[in-house]
Amino acid sequence: TNKSHSSVRYWLKKHEINTVHKSFEARTDFENNQKSCVKCGKIKPLEEFYKKNSNSKYYASYCKCCANKYYTERIRRVKIKMIEYKGGECERCELKLEDTHYSVFDFHHIDPDEKDPNFGNIKYQKWEVIKKEIDKCQLLCSNCHRITHAELEGLEMGSLDVEGSTPSFRTIDFTNK
């Protein structure tokens, strides 16, 4: 009756009506504990699939291998998008994304008190949430990020002196005597 899928899903959820899609039944063979991955098409044991949630009898559509590849690639794309949004280069040394690997870049919070405590999981959020958080940051390469933190701690370039303490070194003899 010309109702969109989202409208139907909304009303089903509102009235707590659960359904199982026909294609789910076709892909899962509970008798033999097997399932077909929608990504690679291979039939694999159910242990090769993540459960939808911990207390569910339903399994994810992708096998673990395909799911891991998908999420790794998604996280990579999101990080590159974050870097490009911040200008694509280190704000300190001007190292550019096109000249290096994307993993070299870090996001330094200018005011640590404004940092979201879940920043490590920011790549799993919606783009609007990500933008709001990285607007509080400087884009730095990992070297400049470490230097910035060292300077904030009061360390000078080339210094090993931390708050007046002298580092102790142990001599190791490798001559097999």
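- In this structure, Asn32 contributes its side chain and Gln34 its backbone to no donor-acceptor pair below 3.5 Å.
- If you take SG on Cys90 and CD1 on Ile83, they are separated by 11.0 Å, rounding to the nearest 0.5 Å.
- Between Cys37 and Phe49, some side-chain heavy-atom pair lies under the 4.5 Å cut-off.
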Residue pair Phe107, His145: steps toward the ring-ring contact (aromatic ring centres under 6.0 Å, His included) verdict: CA-CA 8 Å; Phe107 295 90; His145 193 201; 9.2 Å; no
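- Here the side chains of Cys65 and Cys40 are not in contact, with every heavy-atom distance at 4.5 Å or above.
- Residues Ile130 and Lys123 form no side-chain contact, since every pair of their non-hydrogen atoms from C-beta on lies 4.5 Å or further apart.
- No continuous path of hydrophobic side-chain contacts links Trp127 to Tyr124 [ILVMFWY only; heavy atoms under 4.5 Å].
- Here SG of Cys137 is found 8.5 Å from CD1 of Ile122. Values are rounded to the nearest 0.5 Å.
- Of the charged side-chain nitrogens involved, none lies within less than 4.0 Å of a carboxylate oxygen, so that Lys81 and Glu84 do not count as a salt-bridged pair.
- Follow the hydrophobic side-chain contacts under 4.5 Å out from Leu97 and you reach Leu139 in the same cluster.
- Between the side chain of Lys136 and the main chain of Glu114, a donor-acceptor pair closer than 3.5 Å is present.
- Annotation: the span from Asn33 atom CG to Glu48 atom CD amounts to 12.5 Å, rounded to 0.5 Å.
- Put simply, Val129 and Met82 are part of the same group of oily side chains (I, L, V, M, F, W, Y) that touch within less than 4.5 Å, one to the next.
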Would Asp106 and Arg146 count as a side-chain contact (heavy atoms from CB on, under 4.5 Å) here? Give the steps. CA-CA 10 Å; Asp106 295 334; Arg146 285 169 182 76; 4.2 Å; yes
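- A cation-pi arrangement is present between Lys64 and Tyr50, with the terminal nitrogen or guanidinium carbon under 6.0 Å from the aromatic centre and inside a 45° cone about the axis.
- Few gaps surround NZ on Lys131; more than 12 heavy atoms of other groups in view lie less than 6.0 Å from it.
- Of the charged side-chain nitrogens involved, at least one lies within less than 4.0 Å of a carboxylate oxygen, so that Glu151 and Arg92 count as a salt-bridged pair.
- Figure legend: cation-pi geometry between Lys52 and Tyr58 absent, as NZ or CZ is not positioned both under 6.0 Å from the six-membered ring centre and within 45° of its axis.
- One finds the NZ atom of Lys39 at 13.5 Å from the OG atom of Ser36 (value rounded to the nearest 0.5 Å).
- Side-chain N/O atoms of Tyr85 and Asp135 include a donor and acceptor closer than 3.5 Å.
- Taking hydrophobic clusters as Ile, Leu, Val, Met, Phe, Trp and Tyr residues chained together by side-chain heavy-atom distances below 4.5 Å, Leu140 does not share a cluster with Phe119.
- Formation of a donor-acceptor pair under 3.5 Å by the Lys86 side chain with backbone atoms of Ile134 is found in this model.
- Side chains of Gln138 and His109: no donor on one and acceptor on the other come within 3.5 Å.
- Sparse packing is recorded around NZ of Lys69, with 12 or fewer heavy atoms of other residues, nucleotides or ligands lying under 6.0 Å away.
- Residues Tyr102 and Val78 share a hydrophobic cluster, clusters being chains of Ile/Leu/Val/Met/Phe/Trp/Tyr side chains in contact below 4.5 Å.
- Side-chain contact between Leu152 and His108 is present, with at least one heavy-atom pair separated by less than 4.5 Å.
- The shortest heavy-atom contact between Cys63 and Lys44 is SG-NZ, 3.2 Å.
- The distance from atom CZ of Phe105 to atom SG of Cys141, rounded to the nearest 0.5 Å, is 7.0 Å.
- Judged purely by atom type and a 3.5 angstrom limit, Arg76 has no side-chain atom pairing as donor or acceptor with the backbone of Thr72.
- Heavy-atom contacts from other residues, nucleotides or ligands closer than 6.0 Å to OH of Tyr71 number 12 or fewer.
- A distance of 13.5 Å separates CD in Glu73 from CG in Asn68, rounded to the nearest 0.5 Å.
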